[in-house]
Amino acid sequence: MLEKNEWTQEEFLDNRIILEEQGNRVHLIDTIAKEIDGIETFLYNPYLLKQEPKGSVFVFYCDTGKNTKERLGEFKKKFPDHHVISLRGGRGYWKKHLKIGRASCRERV
């Protein structure tokens, strides 16, 4: 899961649950100063992100996902002790009513 460069919204929701249960921090990072309704996001601030524990997961998003995917190399250089991923489709494809991915729902029933 952490080897991928991109996560869909569903993968983000599923993986966040799994990783946080394992004690890892997972943050959805806003690179365009536009929050996503219904979920906690963090405005891109390299200084504060570098202070997060090693192994934390940063999922960057923009409007379409294209910019953050193209900038992954830059983000990986800035945060070598963290996992860096782009949100596929970005803010534009976020479904605010999808709270937990299908795989997580099946596992928890």
Side-chain angles (χ1 to χ4, degrees):
M1 100 182 55
L2 293 173
E3 301 82 32
K4 293 180 80 174
N5 285 328
E6 269 188 314
W7 283 351
T8 63
Q9 177 185 356
E10 186 172 343
E11 287 173 316
F12 167 77
L13 295 170
D14 285 344
N15 294 338
R16 181 182 65 168
I17 291 169
I18 294 165
L19 290 166
E20 287 180 349
E21 286 175 351
Q22 296 171 354
N24 298 302
R25 288 182 157 180
V26 180
H27 299 295
L28 191 56
I29 310 299
D30 176 355
T31 65
I32 54 174
K34 294 180 184 175
E35 295 179 356
I36 295 176
D37 290 337
I39 191 155
E40 183 178 25
T41 62
F42 296 86
L43 192 58
Y44 178 62
N45 181 329
Y47 176 76
L48 292 178
L49 291 175
K50 286 181 181 180
Q51 295 179 23
E52 286 294 312
K54 288 184 180 186
S56 294
V57 180
F58 302 148
V59 181
F60 292 91
Y61 74 89
C62 60
D63 280 323
T64 64
K66 185 178 176 186
N67 249 352
T68 53
K69 186 176 181 185
E70 290 174 358
R71 293 178 61 195
L72 273 183
E74 172 192 331
F75 294 140
K76 287 180 180 188
K77 285 180 185 175
K78 278 188 182 178
F79 309 107
D81 297 326
H82 303 89
H83 301 282
V84 175
I85 299 167
S86 176
L87 181 67
R88 181 178 292 154
R91 183 176 183 267
Y93 283 91
W94 188 269
K95 300 173 191 102
K96 65 181 177 180
H97 298 294
L98 180 62
K99 298 296 182 192
I100 298 177
R102 284 177 259 147
S104 294
C105 291
R106 283 193 298 269
E107 289 173 10
R108 297 183 184 287
V109 174

Q.
I'd like to know whether Phe75 forms a side-chain contact (heavy atoms from CB on, under 4.5 Å) with Phe60, so could you lay out the CA-CA distance, the side-chain angles of the two residues, the decisive distance to 0.1 Å, and finally the verdict.
A. CA-CA 9 Å; Phe75 294 140; Phe60 292 91; 3.8 Å; yes
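Residues Glu20 and Arg25 are not paired through a salt bridge, judged by the lack of any N-O separation under 4.0 Å between the basic side chain and the carboxylate. A salt bridge between Lys77 and Glu74 is absent, with no side-chain N of the basic residue lying under 4.0 Å from a carboxylate O of the acidic one.
Between the Glu11 side chain and the Thr8 main chain, a donor and an acceptor come within less than 3.5 Å of each other. Formation of a donor-acceptor pair under 3.5 Å by the Glu3 side chain with backbone atoms of Met1 is found in this model. The backbone N or O of Glu52 lies less than 3.5 Å from a partner atom in the side chain of His82, making a donor-acceptor pair.
The CG atom of Leu13 sits 10.0 Å away from atom NZ of Lys95, with the distance rounded to the nearest 0.5 Å. One distance of note links CD1 of Ile29 with OG1 of Thr31; it measures 9.5 Å at 0.5 Å rounding. We find the OH-CG distance between Tyr61 and Leu28 to be 6.0 Å, quoted to the nearest 0.5 Å. Within the model, atoms CD of Gln9 and CH2 of Trp94 stand 4.0 Å from one another, a figure rounded to the nearest 0.5 Å. From Lys69, atom NZ reaches atom SG of Cys62 across 11.5 Å, with rounding to the nearest 0.5 Å. A distance of 11.5 Å separates CD1 of Ile85 from OG1 of Thr68, quoted to the nearest 0.5 Å.
Counting heavy-atom neighbours within 6.0 Å of Glu35 CD, excluding the residue itself, gives a total of 12 or less. Sparse packing is recorded around NZ of Lys66, with 12 or fewer heavy atoms of other residues, nucleotides or ligands lying under 6.0 Å away.
In this structure the side chain of Tyr93 never reaches within 4.5 angstrom of the side chain of Arg88, judged on heavy atoms.
Taking the six-membered ring where the residue is Trp, Phe79 and Tyr44 present perpendicular rings, their angle passing 60° and hence far from 30°.
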